[in-house]
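Within every chain, numbering begins at 1; the chains are lettered A, B, ... in the order of the sequence lines, protein sequences first and strands thereafter. What you are looking at is a predicted structure, and each value in this text was computed from that prediction instead of being measured.
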Amino acid sequence: MDKFSTHIGVPVPLRRSNVDTDQIIPAVYLKRITRDGFEDGLFSAWRNDPDFVLNQEAYRAGTILIPGPEFGTGSSREHAVWALQNYGFKVVIGSRFGDIFRNNSGKAGLLVALVEQDVVEQLWDWVDAHPGTAIEVSLEDRVISLPDGTRHGFTIDDFTRQRLLEGLDDISMTLQHSDEIAAYEASRPSFKPATLPVRTAD
Amino acid sequence: MPTTASGPTTLSDKVWDAHVVRQAAGEPDLLFIDLHLVHEVTSPQAFAGLKLAGRPVRRPDLTLATEDHNTPTLDIDRPIADPVSRTQVDTLRKNAAEFGIRIHSLGDKDQGVVHIIGPQLGITQPGMTIVCGDSHTSTHGAFGALAFGIGTSEVEHVLATQTLPQARPKTMAVNINGDLPAGVTAKDVVLALIAKVGTGGGQGYIVEYRGTTIENLSMEGRMTICNMSIEWGAKAGMIAPDQATFDYIKGRPHAPEGEQWDAAVEYWKTLRSDDDAVFDREVDIDATQLTPFVTWGTNPGQGVPLGAVVPTPSDFTDEVDRTAAEKALQYMGLTAGTPMREIAVDTVFLGSCTNGRIEDLRLAASVLQGNRIADSVRMLVVPGSARVRLQAEIEGLDKVFLEAGAEWRAAGCSMCLGMNPDQLAPGERAASTSNRNFEGRQGKGGRTHLVSPAVAAATAITGHLSAPQDLIPAEQKG
Ligand code: SF4
């Protein structure tokens with residue numbers, strides 16, 4: 001995973017609440033077996049609407065998404081994170097997210113910056129007044145900075161922040177504890193079920 | 001950093017603590033995973049990642065794969081027509097063969113929706129940790145397991161290490177008490193609960209459903225409730241195991257036997273929240289006041305009793321709710337104030353991991369028996385698993401459905417998510433026993449009303465949202 005420190009990019013206001021992962025990318029786009037190529041399915045139901053925010057000239061090159069509350073609820077599909085990344089998004093700023101989406105983002109390297117909903121509203125208003133103007137998101141400082149000097153702090157848990165800053169791979173980190181896993185395995189009760197050998201009703 | 005709890009403990013903390021492999025300050029707990037369920041849609045990139053890093057699957061014997069999301073429900077003995085879908089299913093088969101993972105493929109008697117086959121094989125048991133690259137993994141919580149959905153990166157992590165780093169969530173008790181009125185099912189309970197607490201109400205919590213209503217539910221009903229935990233944002237939903245749980249598991253293919261069974265039951269009986277255990281939050285529901293519940297909007301929290309009317313957006317005090325309601329009514333093509341019972345549907349979908357079990361099919365068949373579905377309606381009956389389908393055929397339920405004019409399909413997710421050819425056309429409206437009424441969930445532009453199997457069957461007969469009670473002529477109601 002690439003290291004993440006500071007990102008400067010154009011914010012995109014998505015003034016909608018409850019944008020679930022089915023809306024971020026519908027199921028029919030989930031058939032690919034790679035992690036790329038999902039940008040076509042991103043917000044597919046809205047992309048034909050000329051008024052949709054991503055179709056407005058100022059936001060075409062947007063890299064920072066600012067949705068309403070309850071973004072990324074529903075399905076666990078990590079494709080939602082990949083679709084955002086494949087399209088070019090690096091950061092999502094919002095007040096409430098689906099847990100699995102937030103987790104997936106942390107693993108895949110998409111920064112989810114948590115702020116209060118009134119900060120979201122302030123950012124929306126600012127972006128409306130300055131469409132296409134880049135802002136800065138510093139993961140190191142956990143701060144969103146506007147060109148006029150306004151700064152908004154954001155929240156992200158320490159562990160995810162550190163992993164993103166260092167670009168660490170979770171699996172290698174866990175594999176360093178293989179001994180502890182083996183010790184745990186040795187202590188599991190023998191009545192716990194196993195999938196192998198196969199047992200079926202007939 | 002929460003540490004291992006001492007003193008009175010909740011059910012979820014007991015199961016959590018029993019799976020901690022490693023705890024360190026400033027780090028999430030590393031949890032051991034007892035069962036990893038895998039399906040074709042969320043796994044290919046995980047297996048590709050393993051191959052790239054040259055890693056094996058640590059515990060193939062704790063891993064189980066099936067094909068469900070992307071599979072057709074017609075002509076299942078023929079190659080899958082859509083080449084992209086076929087490639088995805090073939091990829092799972094190849095990965096299973098390469099990594100030595102058990103798979104139940106299309107055509108196999110044990111194939112089916114991943115959350116239906118675990119309990120059916122008896123491999124879902126109390127006190128386990130169960131994960132799957134699928135948000136409705138919460139279903140397995142009905143057995144007192146800690147079960148939750150994960151993303152593909154985490155699928156890869158579990159394949160490689162059989163563990164997951166997890167921050168301990170808060171705990172919530174949902175106390176549901178009282179006898180359910182006639183015609184009210186587990187589905188109505190959970191839809192009413194979500195309407196009350198909102199789609200984000202459970203965020204950050206593991207929820208325990210308890211109370212007399214829950215104790216009196218069948219395992220199928222309990223699964224329906226736990227299934228929809230994710231629809232109000234909960235990390236997982238759990239129900240303490242009891243005699244009904246043990247009876248359900250006993251004798252199933254992977255149930256422990258002999259002394260192992262006794263040891264297991266002895267342990268399972270300890271899996272209850274202690275009487276004085278404290279939850280971070282509690283919610284109370286009076287089950288005696290519930291009626292059949294249906295959704296009008298585009299998230300599962302936008303629901304009302306069947307006897308109510310489509311709400312008026314300006315009645316919502318919260319601005320976000322108001323805007324969401326306006327958008328939902330527009331998408332759903334509904335007018336505020338319309339009685340829910342007057343909403344006509346084109347399609348009825350009976351199936352999914354919420355309501356695709358044998359008990360659901362029996363209930364719907366009992367309503368359809370001797371009736372015809374409306375000419376304007378197509379009804380898809382999609383059993384949750386191949387065995388549910390076989391069982392239904394043994395009981396003659398397939399004939400009831402076919403004689404009523406419904407379609408009898410092969411097992412899978414089908415129209416629950418509209419990934420295979422079973423989809424709504426733009427503008428079409430469905431009454432669906434599944435769990436998500438999101439925009440486009442069942443097909444681009446499709447409109448979904450979430451309902452119970454009983455309401456689904458009655459709706460198919462009348463052509464508009466109805467409960468079985470509505471089918472009884474007025475003079476007989478007394
Ligand atoms: S039936 Fe629906 S909710 Fe259940 S696993 Fe399949 S797609 Fe997901």
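At least one cation-pi condition fails for A:Arg32 and A:Trp82: the charged atom is not both under 6.0 angstrom from the six-membered ring centre and inside a 45 degree cone around its axis.
Only the side chain of B:Pro256 comes within contact range of chain A, with at least one heavy atom under 4.5 Å from a heavy atom of that chain. Using a 4.5 Å cut-off between heavy atoms, A:Glu180 contacts chain B through both its backbone and its side chain. Contact of B:Ser85 with chain A is made through backbone and side chain together, with heavy-atom distances under 4.5 Å. For chain B, the nearby part of A:Tyr184 is the side chain; its heavy atoms alone come within less than 4.5 Å. Interface remark: A:Ser172 contributes backbone and side-chain atoms alike to the contact with chain B (heavy atom separation under 4.5 Å). For B:Asn435, no part lies under 4.5 angstrom from a heavy atom of chain A. In this structure, chain B has a heavy atom under 4.5 Å from the backbone of A:Phe97, while its side chain stays farther away. The contact between B:Gln125 and chain A is made entirely by side chain atoms (from C-beta outward), counting heavy-atom distances below 4.5 Å. Heavy atoms closer than 4.5 Å to chain A are found in the side chain of B:Thr91, but not in its backbone. Looking at A:Asp202, both its backbone and its side chain come within 4.5 Å of chain B, counting heavy atoms on both sides. Contact of B:Asp34 with chain A is made through backbone and side chain together, with heavy-atom distances under 4.5 Å. Contact of B:Trp268 with chain A is made through the side chain alone, with heavy-atom distances under 4.5 Å. Residue contact with chain A, scored on non-hydrogen atoms closer than 4.5 Å, involves the backbone and the side chain of B:Arg441 alike. Residue B:His69: no heavy atom, backbone or side chain, is found under 4.5 Å from chain A. Heavy atoms of A:Pro197 lying under 4.5 Å from chain B belong exclusively to its backbone. Proximity to chain B involves both the backbone and the side chain of A:Ser190, based on heavy atoms less than 4.5 angstrom apart. Heavy-atom distances place the side chain of B:Tyr267, and not its backbone, under 4.5 Å from chain A. Both the backbone and the side chain of B:Ala160 come within contact range of chain A, each with at least one heavy atom under 4.5 Å from a heavy atom of that chain. B:Leu164 does not touch chain A: none of its heavy atoms, backbone or side chain, sits under 4.5 Å away. Using a 4.5 Å cut-off between heavy atoms, B:Ala255 touches chain A through its backbone atoms (N, CA, C, O) alone. Within the 4.5 angstrom heavy-atom criterion, no atom of B:Glu40 approaches chain A.
A side-chain donor-acceptor contact under 3.5 Å links B:Gln23 and B:Asp29. Side-chain N/O atoms of B:Gln442 and B:Thr448 include a donor and acceptor closer than 3.5 Å. Checking A:Asn18 against B:Thr199 by side-chain atom types alone, a donor-acceptor pair falls below 3.5 Å. Of the N and O atoms on the side chains of A:Ser95 and A:Gln117, at least one donor lies less than 3.5 Å from an acceptor on the other residue. In this structure, a donor-acceptor pair under 3.5 Å is absent between the side chains of A:Thr6 and A:Glu136.
A salt bridge between B:Lys327 and B:Glu439 is absent, with no side-chain N of the basic residue lying under 4.0 Å from a carboxylate O of the acidic one. Residues B:Arg22 and A:Asp179 are not paired through a salt bridge, judged by the lack of any N-O separation under 4.0 Å between the basic side chain and the carboxylate. A salt bridge links A:Arg77 with A:Asp22: at least one charged nitrogen is closer than 4.0 Å to a carboxylate oxygen. A salt bridge links A:Arg60 to A:Glu57: at least one charged side-chain nitrogen sits closer than 4.0 Å to a carboxylate oxygen. Salt bridge present: A:Arg15 and A:Asp125 bring a charged side-chain N and a carboxylate O closer than 4.0 Å. Using a cut-off of 4.0 Å between Lys/Arg side-chain N and Asp/Glu carboxylate O, A:Asp141 and A:Arg151 are scored as not salt-bridged.
Heavy-atom pairs under 4.5 Å with chain B were tallied for A:Met173, A:His177, A:Glu70; the largest tally goes to A:His177. The most heavy-atom pairs under 4.5 Å with chain A, out of B:Glu154, B:His136, B:Lys444, come from B:Glu154. Of the listed residues (B:Leu35, B:Asp82, B:Leu30, B:Thr63), the greatest number of heavy-atom pairs within a distance under 4.5 Å of chain A belongs to B:Thr63. Taking chain A as the reference chain and counting heavy-atom pairs below 4.5 Å, the highest number among B:His104, B:Arg387, B:Glu231, B:His254 is found for B:His254. When the candidates A:Ile100, A:Ile181, A:Leu30, A:Asp99 are compared by the number of heavy-atom contacts under 4.5 Å with chain B, A:Ile181 comes out ahead. Contact count versus chain A (heavy atoms, under 4.5 Å) is highest, among B:Glu257, B:Gln162, B:Gln88, B:Arg59, for B:Gln88.
The aromatic rings of A:Phe4 and A:His7 sit tilted, their planes meeting at an angle between 30° and 60°.
In this structure, CD1 on B:Ile103 lies 12.5 Å from CG on B:Asp110, to the nearest 0.5 angstrom. Interatomic distance, A:Ser17 OG to B:Asp321 CG, rounded to the nearest 0.5 Å: 7.5 Å.
The closest donor-acceptor contact from the side chain of A:Thr195 to the backbone of B:Asp61 lies under 3.5 Å.
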